[in-house]
Amino acid sequence: MRRTLPLAVSTALAAAALALPASPSQAAGSAAGTDTQPHAAAAGNVVKVTGAQGNWQLTVNGAPYTVKGLTWGPSPTDAARYLPDVKSMGVNTVRTWGTDASSAPLFDAAAANGIKVIAGFWLQPGGGPGSGGCVNYLTDTAYKNTVLAEFPKWVQTYKDHPGVLMWNVGNESVLGMQNCYGGAELERQRDAYTAFVNDVTKRIHAVDPNHPVTSTDAWTGAWPYYRRNAPDLDLYSVNAYNDVCNIKSTWQSGGYTKPYLVTETGPAGEWEVPDDANGVPAEPADTAKRDGYTRAWNCVTGHPGVALGATLFHYGTEYDFGGIWFNLLPAGEKRLSYYAVKRMYGGSTAGDNTPPVVAPLTLDRDAGSVPGGRELTVTAPASDPEGDALSYEVLLNSKYIDGSGALTSTPFSNLGGGRLRFTAPDRTGVWKVYVKVKDGRGNVGVETRSLRVVAPPVSGVNLGRGKPATASSWQQDSTGGCPCPAGNAVDGSATSRWASAWSDPQWLSVDLGAPTAVRHVQLDWEAAYGKAYAVQLSDDGQNWRTVKQVTDGNGGIDDFDVSGTGRYVRLYATARGTGYGYSLNEFGVYG
């Protein structure tokens with residue numbers, strides 16, 4: 001998802017313990033099971049928030065406890081595999097977004113490694129703007145009754161488990177409600193939501209008086225609602241990335257009377273950085289991300305007696321757009337940020353082999369006008385602190401075209417000196433190119449930048465540009481940046497498109513005004529492309545002659561020479577490449 005306000009990634013990063021998100025936030029985990037028996041024989045801990053205004057302390061069995069944490073990404077079934085590594089980093093806490101029957105292996109492995117869990121419960125609309133479903137907290141008693149029955153059931157199941165530190169109800173729902181409501185109704189729903197959080201908190205306290213209850217939202221804008229409507233919370237929790245160092249002053253100026261945890265933080269997120277020259281968020285370098293974690297932790301520890309610690313985002317192995325932005329070990333490979341957190345938390349660094357450092361990427365052409373399907377060279381000099389031999393990989397991502405978080409490895413030639421030659425995608429729009437550098441010791445450096453793919457230049461004049469265009473159908477509603485009439489395909493802009501009905505056949509015709517010799521056609525397809533189609537000419541707009549037949553189209557940019565004369569040029573499409581209609585950014589006709 002495209003996030004414009006914090007928090008947490010992702011998308012991809014927004015799946016069950018996944019964002020994220022970017023958000024960075026994850027969904028609540030697998031569906032609740034029916035097992036209600038405790039999963040550990042050892043007695044649980046007594047966790048308390050003690051002290052007074054500005055001098056609070058989290059304690060576990062009476063001993064002071066500062067949360068040195070990470071948000072948890074792997075499956076609970078992989079907890080025994082990964083938590084020894086987490087422990088080696090000096091981490092004492094992990095945070096989840098959902099708790100149910102599937103959580104048992106995580107609690108068990110955490111306790112076995114001396115780690116505790118901030119156990120989350122997911123409420124809608126979770127994950128910030130654009131995420132989750134919409135619930136009416138004023139009228140939806142069925143949803144609320146289900147939650148009031150379900151959450152305490154899992155508290156009862158795990159309350160005596162030594163792996164439990166506290167319960168966390170909801171994630172960014174106060175922020176996320178702007179996706180569902182507006183104006184005065186938004187305010188009423190936010191009040192109703194936080195009042196419901198208080199109802200849940202009281203139910204949890206009744207079942208388990210030995211573990212605190214908190215609730216997470218993005219930034220501190222939710223705190224006035226919690227103060228007004230959720231007095232039974234033991235502490236507040238907040239997700240804040242680049243804004244983390246402003247939390248202290250907000251708490252002080254707001255006159256708050258409860259301590260807090262920072263439940264997600266790290267380097268600046270997609271919603272916080274300036275746009276680059278191609279109009280997309282400029283992702284920080286690996287070194288800047290490393291420094292972002294250090295800065296965040298220093299700001300948390302800079303508010304003693306109030307900030308009780310943090311769970312930094314994110315101990316995740318997801319290998320996608322959000323994973324590269326935030327994960328400490330995407331695909332299980334450790335980054336500069338991993339070692340920065342390890343040093344901050346006091347993990348042993350003796351004998352560590354650290355990652356390569358990659359310089360900012362440069363291209364051998366203007367990154368704002370890369371011809372589709374043409375070769376280009378990216379330069380990414382890298383150095384390794386231990387002098388290890390380095391290997392490279394080039395990957396591409398189309399998030400800013402179609403929302404995909406996937407990274408696709410692409411073939412390249414290594415020209416030496418960090419110079420890598422590859423072929424640009426043939427689909428127009430803004431892509432991200434990543435260069436991944438590995439040292440063979442389980443470490444990786446990754447740098448990225450955007451490039452704007454444009455249609456390859458064609459000599460001569462585009463005869464169809466600005467000419468009258470008609471079509472068999474066109475999308476008239478506002479979905480996907482439409483309305484999308486036929487004229488959008490001949491307006492000279494790759495950012496507008498013609499979109500047809502979702503059926504076959506469909507056609508688009510351009511009137512050149514007089515019989516004209518046509519020698520070349522260029523089709524710039526949007527994601528919904530034509531698999532089978534013909535290019536046809538006509539003198540009267542009724543009788544057509546085929547000058548090019550395509551039966552194996554795969555989208556992107558189709559360039560081909562033709563030979564013929566006609567006043568009208570038509571794209572006649574008979575088989576769609578997707579389940580949608582036909583969608584064409586530009587229909588270029590050259591004489």
Side-chain angles (χ1 to χ4, degrees), residues 1-27 71 73-74 97 127-131 172 239 241-242 264 266-276 278-286 288-290 292-293 313-333 335-338 358 360-361 367 378 380 393-410 422 424-425 427 429-438 444-453 527:
M1 61 201 166
R2 175 69 185 266
R3 308 193 69 91
T4 57
L5 290 173
L7 187 319
V9 201
S10 210
T11 44
L13 291 174
L18 205 64
L20 231 134
S23 211
S25 283
Q26 301 186 339
T71 56
W97 292 262
S131 301
E172 298 192 0
N239 296 339
Y241 288 77
N242 202 47
E264 291 180 28
E270 186 185 7
W271 57 92
E272 296 175 303
V273 297
D275 284 349
D276 65 13
N278 286 320
V280 301
E283 185 164 346
D286 263 6
K289 292 175 184 175
R290 172 200 64 195
Y293 285 102
F313 196 91
H314 174 57
Y315 192 91
T317 60
E318 301 92 340
Y319 189 40
D320 56 10
F321 177 95
I324 294 298
W325 199 301
F326 285 106
N327 285 356
L328 300 182
L329 57 169
E333 296 162 336
R335 306 174 73 179
L336 293 174
S337 298
Y338 171 96
V358 188
L361 308 188
V378 60
E393 185 178 8
V394 178
L395 304 105
L396 296 167
N397 168 261
S398 59
K399 173 182 170 68
Y400 297 118
I401 298 174
D402 56 18
S404 171
L407 306 182
T408 303
S409 186
T410 190
F422 66 100
R427 185 175 169 191
V430 178
W431 292 75
K432 291 197 74 176
V433 57
Y434 298 78
V435 173
K436 176 178 175 181
V437 185
K438 299 170 63 174
V444 66
V446 185
E447 293 298 333
T448 180
R449 66 165 302 162
S450 73
L451 55 89
R452 183 180 295 278
V453 173

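Computed from heavy atoms alone, side chains included, the values below leave out hydrogens, waters and symmetry copies. Worth saying up front: this structure is predicted, and the values here are computed from it rather than measured.
The minimum heavy-atom distance between Val433 and Leu361, with the atom names listed, is O-CD1, 3.8 Å. Pairing each heavy atom of Gly269 with each of Tyr241, the nearest pair is N-CB, 4.3 Å. The two residues Tyr319 and Ala331 come nearest to each other via the heavy atoms CG-CB, 3.9 Å. Across all non-hydrogen atoms, the minimal contact from Leu451 to Phe422 is CD2-CZ, 4.5 Å. Between Tyr338 and Leu328 the shortest heavy-atom distance is CB-O, 3.6 Å. Between Pro284 and Lys289 the shortest heavy-atom distance is O-CE, 3.2 Å.
Within the 3.5 Å criterion, the main-chain N or O of Ser404 finds a donor-acceptor partner in the side chain of Asp402. Using a distance-only test at 3.5 Å, with no hydrogens or angles considered, no donor-acceptor pair links the side chain of Asp286 to the main chain of Val358. In this structure, Arg290 contributes its side chain and Arg335 its backbone to no donor-acceptor pair below 3.5 Å. Remark: side-chain polar atoms of Asn239 are paired, donor with acceptor, to backbone N or O of Glu264 under 3.5 angstrom. With hydrogens and angles disregarded, a donor-acceptor distance shorter than 3.5 Å links the side chain of Asn397 to the backbone of Ala406. A donor-acceptor pair under 3.5 Å is absent between the side-chain atoms of Asn242 and the main chain of Ala268, judged by distance alone.
For the side chain to side chain contact (heavy atoms under 4.5 Å, CB included) with Tyr434, the qualifying choice from Glu283, Glu393, Glu447, Arg449 is Glu283, the only one to do so.
Residue Thr410 holds its OG1 atom at 8.5 Å from CG of Leu395, rounded to the nearest 0.5 Å. Atom CD1 of Ile324 is separated from atom CG of Leu407 by 5.5 Å, given to the nearest 0.5 angstrom. The structure places OH of Tyr293 at 11.5 Å from CG of Leu336, a figure rounded to the nearest 0.5 Å.
Using a 4.5 Å heavy-atom cutoff, the side chains of Pro330 and Thr317 are not in contact. Put simply, the side chain of Pro74 reaches to within 4.5 Å of the side chain of Tyr315, judged on heavy atoms.
By the neighbour-count criterion of 12 heavy atoms within 6.0 Å, atom NZ of Lys432 is densely surrounded, having more than that number from other residues, nucleotides or ligands.
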*asked:* Under the criterion side chain to side chain contact (heavy atoms under 4.5 Å, CB included), I'd like the reasoning laid out for Thr71 against His314: C-alpha separation, chi angles, the key distance, then a yes or no.
replied: CA-CA 5 Å; Thr71 56; His314 174 57; 2.7 Å; yes

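Aromatic ring orientation, Phe326 versus Phe313: perpendicular (interplanar angle above 60°, classes split at 30° and 60°).
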